[in-house]
Every structure is written in structure tokens, then in C-alpha cells.
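Every chain is numbered from 1, with letters handed out A, B, ... down the list of sequences. Predicted, not measured: the structure shown is a model, and the values here were computed from it.
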Amino acid sequence: MPELPEVETVRRGLAPALEGRRILRAHTRRADLRFPFPDRMAERLSGARVNRLGRRAKYLAADLDTGETLIMHLGMSGRFTLGGEGLASFVHGAGGDPRHDHVLLEIEGGTTVTFNDPRRFGFFQLWPSAGVDTYPAFAALGPEPLANDFSGAALAEAFQGRRTPVKTALLDQRVVAGLGNIYVCEALHRAGISPRRQAASIGTARSERLAEAVRAVIREAIEAGGSSISDFAAADGGLGYFQHRFEVYGREGEACRGCGGAIRRIVQSGRSSFYCGTCQR
DNA sequence: AAGAAGCCCTGATAGC
DNA sequence: TGCTATCAGGGCTTCT
């Protein structure tokens, strides 16, 4: 379940293999993932040079010298694996069942990039680089948690008048971009805020605490190389280790490290929320 | 019109 | 042991 820190980890793994290099040839092994691939995607990628590999929220964006940007989303189970000269050891074991290798990029210099995605929730899109901000999914995104325009004040404004639980509001990518279920649960615990609390009831003090908690948990998770649970591994096959620092996620019934009480699990908007009813109000 | 539910998909796991 | 049911969830669509 790649959220922002996992996608950033993948970006850092792929960037050295892609940036400044040409995609000699691209291959797709099926017609679609979550959505159909763009028209003639393989042809449009073949021969293109990658200027820069960026990230926005949970999306990777490869700026190409053809004037197009390749936008990639890992969905739930998507992973990229590097292979080739000097990287052969990563080909086996890191990429998963080859039946789910859906996209293959041959990079100049002998490196290959394979996209494997069993659940096929991932997707690829091509969009003009000049107007990449107008890509609909990008246009709707809120601030990056580590950017200057994300703050307690920004959160408070986004929460204004919203009757939905703060947990649900934080998952809304228009409020803040890149958070998923894991880091929302962890950030709320750090901030001492109940996931059940109505967003509109989050005042100034809580907004500031929450914004700082979001920043801290995202920063620490990136430093740890993301969280490896079930589906996630970095592009080099390495595993992140932030999952060992979860205070609440996946810990139903276990003791809260703050107060010793049992971590609870509830379902909100069809998703599990883990929290401590004592530490989080 | 905001909010919630349904949908897509497969693999891991729980339960019988 | 081997089957079936359940769960995981990002983002889009549909319903209320």
C-alpha cells in the first residue's frame, strides 16, 4: 500500500537508473491496468529520454524530452524492479510473479525497469509536460505535507464546515496530498486526536499539532525507506522499516505505548481506523 | 452538494 | 488438507 513515503522511496530508487537516459524500447503486456494504457503508449515512450523523475502525492511523473510526462501510479500492489548489468541479482525475488509483469522499459546502458502489479490498481498516463498541473488528478490535489504551503492554518481552513470525521478528511487528497490509511492513523495518534472527531471541531491548537504530526511521520517514514507491509519493496528490492515504528496501525488489541490501554479498531468510510481511546480525544 | 457506499482486483489469511 | 469467506485499500463513479 504505497503512500507518499513509499512512492518517494521508489522515486529515489528509480531516478539514478532513469534520469538523463533514453528509453530504448517500451513494452506493454496487456491493454490495461486500472485504466486502459494511453494510446500507443509503448511507441510514444520508445526513444524518449527521461529528463527528470519527479513525484506529486502518490504519483510518479517522468518528464520526457518528447514534451510529454509519463504519470505512474502504483495503486495497491504496484512495484518497479530494476534489472540488467550489475543489477541481475535484483531481477529474481524482488519483482514478484512474472505473470503480473505488465510494463517493461529497456533503458540505454542495459538496465531494465519492470512494472509488476498483481491487483492492477495501478495506472499509467501520458500528459503534455507544459500543462502537467492541469492533469485532472493533479489539479485537484492539496499541498504536499512537506511543502511550505502545508500548515496548521491550511488544515484548519480545509476542515472548516466539514461534518465528516477528521480521519476521513485527512484521507481526502484535496486537503493534503499523499496520505493513506497508515499515515493518517499514525499522525492522528501522534497529535492525540481521535479519528472520530468531526473535522470542523478541530480548532487552532489541534490543527497545529496535527500538521506537525503529519510532517513528522512523513519525514521519518521517508528517512526509513517507507513501510514494508505485504506488498511494498523499494525499486532495488530493499525493504523499508518504518512499519516497526507503527504506534497504532495494525495493532488492534495490543497495548498503547503511551498509556498501556488497548488499541481499538473501528471502520470509517469502509476503512479500518486504529487508535487509542485514551490518548486520542 | 457533501458524504458515504460501491467498484475494481488478487493474494494472504482465517475459519470450518 | 482443501475449500470458501473475508480483508486489504486508492481513487473513481454512483447513490443518498
Colleague: Between A/Lys58 and A/Glu6, does at least one N-O distance fall below 4.0 Å, as a salt bridge requires?
Modeller: no

Colleague: Are any of the side-chain nitrogens in A/Asp32 or A/Arg30 under 4.0 Å away from the carboxylate oxygens of its partner?
Modeller: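 So A/Asp32 pairs with A/Arg30 through a salt bridge.
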
Colleague: Under 3.5 Å, is there a donor on one side chain and an acceptor on the other for A/His73 and A/Gln125?
Modeller: no

Colleague: How long is the line joining CZ of A/Phe121 and P of B/dT10, in whole Å?
Modeller: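 My rounded result for the distance is 9 Å.
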
Colleague: Rounded off to whole Å, could you give me the CZ-to-C1' distance for the A/Phe123 and C/dG11 pair?
Modeller: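 So the CZ-C1' distance, A/Phe123 to C/dG11, works out to 7 Å.
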
Colleague: Can we say A/Arg190 and A/Glu247 salt-bridge, meaning some charged N sits less than 4.0 Å from an Asp/Glu carboxylate O?
Modeller: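 Answer for the salt bridge query: no.
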
Colleague: Are OP1 or OP2 of C/dG9 and a side-chain N or O of A/Tyr183 less than 4.0 angstrom apart?
Modeller: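 No, no such contact exists.
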
Colleague: Are OP1 or OP2 of B/dG11 and a side-chain N or O of A/Arg99 less than 4.0 angstrom apart?
Modeller: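 It does, given that an N or O in the side chain of A/Arg99 lies less than 4.0 Å from OP1 or OP2 of B/dG11.
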
Colleague: Nearest whole angstrom, please: distance from the P of C/dC12 to the CD1 of A/Ile71.
Modeller: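 Those two atoms, CD1 and P, are 11 Å apart.
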
Colleague: Could you check how far NZ of A/Lys58 sits from C1' of C/dG9, rounded to whole Å?
Modeller: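 To the nearest whole Å, that distance equals 9 Å.
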
Colleague: Rounded to the nearest angstrom, tell me the gap between atom CZ in A/Arg119 and atom C1' in C/dA8.
Modeller: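 After rounding, the reported distance stands at 6 Å.
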
Colleague: Strictly below 4.0 Å: does A/Gln173 bring a side-chain N or O up to OP1 or OP2 of C/dG10?
Modeller: no

Colleague: Starting at atom NZ of A/Lys167, determine the distance to atom P of C/dG9, rounded to an integer number of angstrom.
Modeller: 8 Å

Colleague: Grab the CD-P distance between A/Glu6 and C/dG10 for me, whole Å please.
Modeller: 10 Å

Colleague: Please check if atom CZ in A/Arg44 has more than 12 non-hydrogen atoms from other residues, nucleotides or ligands closer than 6.0 Å.
Modeller: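 Yes, enclosed.
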
Colleague: Rounded to whole Å, how long is the line connecting atom NE2 of A/His73 with atom P of C/dC12?
Modeller: 8 Å

Colleague: Is there any protein nitrogen or oxygen under 3.5 Å from a nitrogen or oxygen in nucleotides 2-6 of chain B, and what are the pairs?
Modeller:
| unit_1 | atom_1 | unit_2 | atom_2 | d |
| --- | --- | --- | --- | --- |
| B/dG3 | OP1 | A/Arg163 | N | 2.6 |
| B/dG3 | OP1 | A/Thr164 | N | 3.3 |
| B/dG3 | OP2 | A/Arg162 | NE | 3.0 |
| B/dG3 | OP2 | A/Arg162 | NH2 | 3.4 |
| B/dA4 | OP2 | A/Thr164 | OG1 | 2.9 |

Colleague: Phosphate oxygens OP1/OP2 of B/dC9: is one of them under 4.0 Å from a side-chain N or O of A/His100?
Modeller: no

Colleague: Is it true that A/Arg209 and A/Glu212 make a salt bridge, defined as a side-chain N closer than 4.0 Å to a carboxylate O?
Modeller: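 Not counted as a salt bridge, because no side-chain N and carboxylate O are separated by less than 4.0 Å.
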
Colleague: Assess whether a salt bridge exists between A/Arg25 and A/Glu106, defined as any Lys/Arg side-chain N lying under 4.0 Å from an Asp/Glu carboxylate O.
Modeller: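 A salt bridge is absent here (no side-chain N lies under 4.0 Å from a carboxylate O).
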
